[in-house]
Amino acid sequence: MRREFSKVTYPTPYWVYESVIYEIFPDRFFIGKGKDVFQNARLYKKGILRNWNDSQTVYEDKQSNVFYGGNLWGIAEKVDYLKELGINVVYLTPIFSSPSNHKYDTIDYFKVDEQLGGLSAFKKMIEVFKKANIRLILDGVFNHVSDKHTWFKKAKAGNKDYISRFSIYEDGHRGWWGFKSLPELRLEENSVQKHIRAVIEFYLGLGVDGWRLDCGQDLGPVNNAVFASVVKNFSIDKYIVSELWTYPDRWDMIDGIMNYHFRESVLSYINGELDNIGKVLEKMYCKTKSIYGCWNMLDSHDTQRLASVIPDKKLRKLAILLQFTFPGVPVVYYGTEIGMEGGNDPDCRRPMIWNENSWDVELMSFYKKLINLRKSSTGLKIGKFELVREDPLVFLRKTPYVLDDIIVAVNKGKEKSIAVSISDGRILDRTIFIDLFTNERFKVTSGILRFSIPEKGFRVLRIHNETVKGYDQYKRIF
C-alpha cells in the first residue's frame, strides 16, 4: 500500500500578516546628500546621466546605462514620507555592485554599490528603518551574474576552478534568456551554493528581514527550498518570497510568491475580459497554501504602471481595493499612490515625483485609508475568503470572532441594490453593518443583508454592535 506524505511548510512570520510593502527602485526614488546625479558623475563612468525631472524615459538599447542618481541615503531621508503613508516594509530592487541602473547583473554580492552610497549608506538606512519600525526586504539575484563578475572572467580565461560554476561551451555560454551579458550560475555546484548561503546570511546579520528571489522559475523548486532553508535556519522570523509569474499553487516551499496571477486576474476583470473574477479568486485562495504570504501585485518595475493600464480612477480604485482586501500582502510600487504613469520597462521606472503640486492627493488619501484599514483589521489580515456573489462581486473575510468579519463588495457597472445571504450563523438578526468609508448603515434580516453599491463603486462593511438599553445580543456569541 502506497503511503502519501504531506509537505512540511514553514510558518509564515507573524509580521507578514500585518505588512504593507512599498517597492523602491533605488536609482529612481530620491537623491540623498546632494542635489543631482552630476555631483557624483565619477561613480557612473560611461553612464548616461539625466536630470531628475527629465521627461525622456525610453532609451532603447542604452536604457540600462541611464542614471538619475537616487541612492540609499535618499531613501533614508524620505522615511517620514513612508511613515505618513503607513508603510511598514520596504522592498528594494538589487543594491549590489553592478554596472547597470537596475543592478540585476551583479559583480560582487558582498559590496553595496557605491552609486547607491555603499555599505555606509546601507547601514544608515537600516538604522533609520529600525527606528521607524519599517522592515527591509532585499532582492536576491542568484540565478545569474554580470559577465564582469570575477568568477566569470576567470572561467572564460580557462581557470578550471571557475569553469564548473557556469555552463560554458565551445561556442559560448548559457546566459539568462540568451543574454550573454548575464551568464547563469550552475547552482548545483557546492562552491556556488556556499557563496550564496554566505551572502544571504551576511545581509540577514546586518538586519535585513527577508529576501525576494529573482527569477524563481529559473531557480526551480529545489533551489527555492534550499535558499528558504538558509533563511529559516538564520531565523524562523525571516521572510522569503520568490518572483514567479505563474499560478501561485505548488510553490509552498517558500513563504509566498509575487502573485502576478492576481494582477492579471484583477486587471482582466476591471477591463471586461474576465467575467468570473469571484470564482477565480476563490479557487486561487483554496489551492494556494501560502496565499497569506503571497504578494498582491498591481504593478512593479517589470510592468506598466497601474494608472496607465487603468486611466479611469474610479475603476482603478476597485483594483486597489481588491489588492488590499484579498488574502495576501499588498505591495505598492513607488509613485503609484500619487498617480504616476508609465508604460513598459523602462518607462515604468521614471523618477519619483516630489513636486506635491503634481500629486493626486485624493488618490493618496485613498491609499492611506486602505493601508490603515489593512493594518488595523483582523478580518483583512487573517480572515478566510468566502465568495458570496459573483456579479456584483461580494465576498466575506470570516474571522474567529464574528465582530471582526468584513464584507467587501465591488461594482464595475451602474449603481445596483442587492440582497446577499451571509453564510455565518453567528451573525444575528437586526445586526447593523456599517460602511467603513461612508458610515452608511445596513441591517441584516435573518441572514440576508441588503445594500446598494454605487456606480463604479464599492463597499467595505463591518458589524457595528449596538447595545439597546444595556442589552448586548452578542454577549455570548463569538
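The two residues N224 and G216 have their closest heavy-atom pair at ND2-O, 3.1 Å. Closest approach of I254 and S242 over heavy atoms only: CD1-CB, 3.2 Å. Considering every non-hydrogen atom in both P330 and S19, the closest pair reads CD-O, 3.6 Å.
D209 contributes atom CG, which lies 8.0 Å from atom CG of D237 (distance to the nearest 0.5 angstrom). For the atom pair L281 CG and N276 CG, the distance stands at 9.5 Å (nearest 0.5 Å). Here the OG1 atom belonging to T288 is positioned 9.0 Å from the CG atom belonging to D252, to the nearest 0.5 angstrom. If you take OG on S64 and CG on N101, they are separated by 6.0 Å, rounding to the nearest 0.5 Å. Taking CG of L306 as the start and OG of S300 as the end, the distance is 11.5 Å to the nearest 0.5 Å. To the nearest 0.5 Å, the span separating CZ on R459 from CZ on F437 amounts to 11.5 Å.
Side-chain atoms of Y91 and Y333 include no donor-acceptor pair closer than 3.5 Å. A side-chain donor from one of N223 and Q193 sits under 3.5 Å from a side-chain acceptor of the other. Side-chain contact of D105 with S98: a donor-acceptor pair under 3.5 Å is present, judged by distance alone. Using modelled atom types and a 3.5 Å distance limit, the side chains of E386 and S423 yield a donor-acceptor pair.
Residues V20 and N88 form a side-chain contact, since some pair of their non-hydrogen atoms from C-beta on lies under 4.5 Å apart. The shortest side-chain heavy-atom distance between K232 and D255 falls under the 4.5 Å cut-off. A heavy-atom distance below 4.5 Å is found between the side chains of S377 and I406. Y68 has its side chain out of reach of I31: every pair of non-hydrogen atoms, C-beta onward, lies at least 4.5 Å apart. Within the 4.5 Å cutoff, the side chain of I291 has no heavy atoms near those of the F262 side chain. Residues L72 and L92 form a side-chain contact, since some pair of their non-hydrogen atoms from C-beta on lies under 4.5 Å apart. For the pair I320/F458, no side-chain contact is recorded, criterion being any heavy-atom separation below 4.5 Å from C-beta on. You'll find the side chain of F385 stays beyond 4.5 Å of the side chain of M284, heavy atoms only.
A salt bridge is defined here as a Lys NZ or Arg NE, NH1 or NH2 lying under 4.0 Å from an Asp or Glu carboxylate O, and R430 with E466 fails to meet this definition. With salt bridges taken as basic N to acidic carboxylate O contacts below 4.0 Å, none links D249 and K283. No salt bridge links E337 with K368; every basic N to acidic carboxylate O contact stays at or beyond 4.0 Å. Ion pairing between R212 and E243 holds under the 4.0 Å rule for side-chain N and carboxylate O.
No side-chain donor-acceptor contact under 3.5 Å links S308 to the backbone of E341. Judged by distance alone, the side chain of N259 and the main-chain N or O of N296 form no donor-acceptor pair under 3.5 Å. Checked by atom type and distance alone, the side chain of K398 never pairs as donor or acceptor with a backbone atom of D405 at under 3.5 Å. Checking side-chain atoms of Y474 against main-chain N and O of T431 turns up no donor-acceptor pair under 3.5 Å. Between the side chain of Q323 and the backbone N or O of V266, no donor-acceptor pair lies under 3.5 Å. R316 places a side-chain N or O within donor-acceptor distance of the main-chain N or O of P311, the cut-off being under 3.5 Å. Judged purely by atom type and a 3.5 angstrom limit, S365 uses its side chain to pair as donor or acceptor with the backbone of V361. Under a 3.5 Å cut-off, the side chain of K287 and the backbone N or O of P248 do not form any donor-acceptor pair. Between the side chain of K313 and the backbone N or O of G339 there is no donor-acceptor pair closer than 3.5 Å. No donor-acceptor pair closer than 3.5 Å links the side chain of S229 to the backbone N or O of A225.
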(Q) Show, in sequence, the C-alpha distance, side-chain angles and deciding distance for M352 and I24, and conclude whether the side-chain contact (heavy atoms from CB on, under 4.5 Å) test is met. (A) CA-CA 10 Å; M352 176 68 174; I24 294 177; over 6 Å; no
Q. Given D435 and F451, is the side-chain contact (heavy atoms from CB on, under 4.5 Å) satisfied, shown in steps?
A. CA-CA 10 Å; D435 188 313; F451 58 93; over 6 Å; no
Q: Go through the steps to decide whether K414 and E455 satisfy the test salt bridge (charged side-chain N to carboxylate O under 4.0 Å, His left out), and finish with yes or no.
A: CA-CA 4 Å; K414 300 290 185 181; E455 179 178 356; 3.7 Å; yes
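Between F142 and Y109, the ring center distance clears the sub-6.0 Å criterion.
Annotation for K314: atom NZ does not count as buried by contact number, only 12 or fewer foreign heavy atoms lying within 6.0 Å. For CZ of R389, the number of neighbouring non-hydrogen atoms (other residues, nucleotides, ligands) closer than 6.0 Å is greater than 12. Atom NZ of K180 sits in a crowded spot, with more than 12 heavy atoms from other residues, nucleotides or ligands closer than 6.0 Å.
Identified under the salt bridge (charged side-chain N to carboxylate O under 4.0 Å, His left out) test for residues 297-308, with sequence neighbours left out: D302-R349.
In this structure, Y367 and F324 have perpendicular ring planes: the angle between them is above 60°, well past the 30° mark. The aromatic rings of F96 and Y203 sit tilted relative to each other, their planes meeting at an angle between 30° and 60°. Between Y292 and Y17, the ring planes lie tilted relative to each other; the angle falls in the 30° to 60° range.
For the ring-ring contact (aromatic ring centres under 6.0 Å, His included) with H144, the lone residue among W176, Y104, F179 that qualifies is W176. When each of R28, E23, H102 is checked for a side chain to side chain donor-acceptor pair (under 3.5 Å) with H301, only E23 meets the rule.
Cation-pi geometry between K317 and F366 is satisfied (NZ or CZ under 6.0 Å from the ring centre, within 45° of the ring normal).
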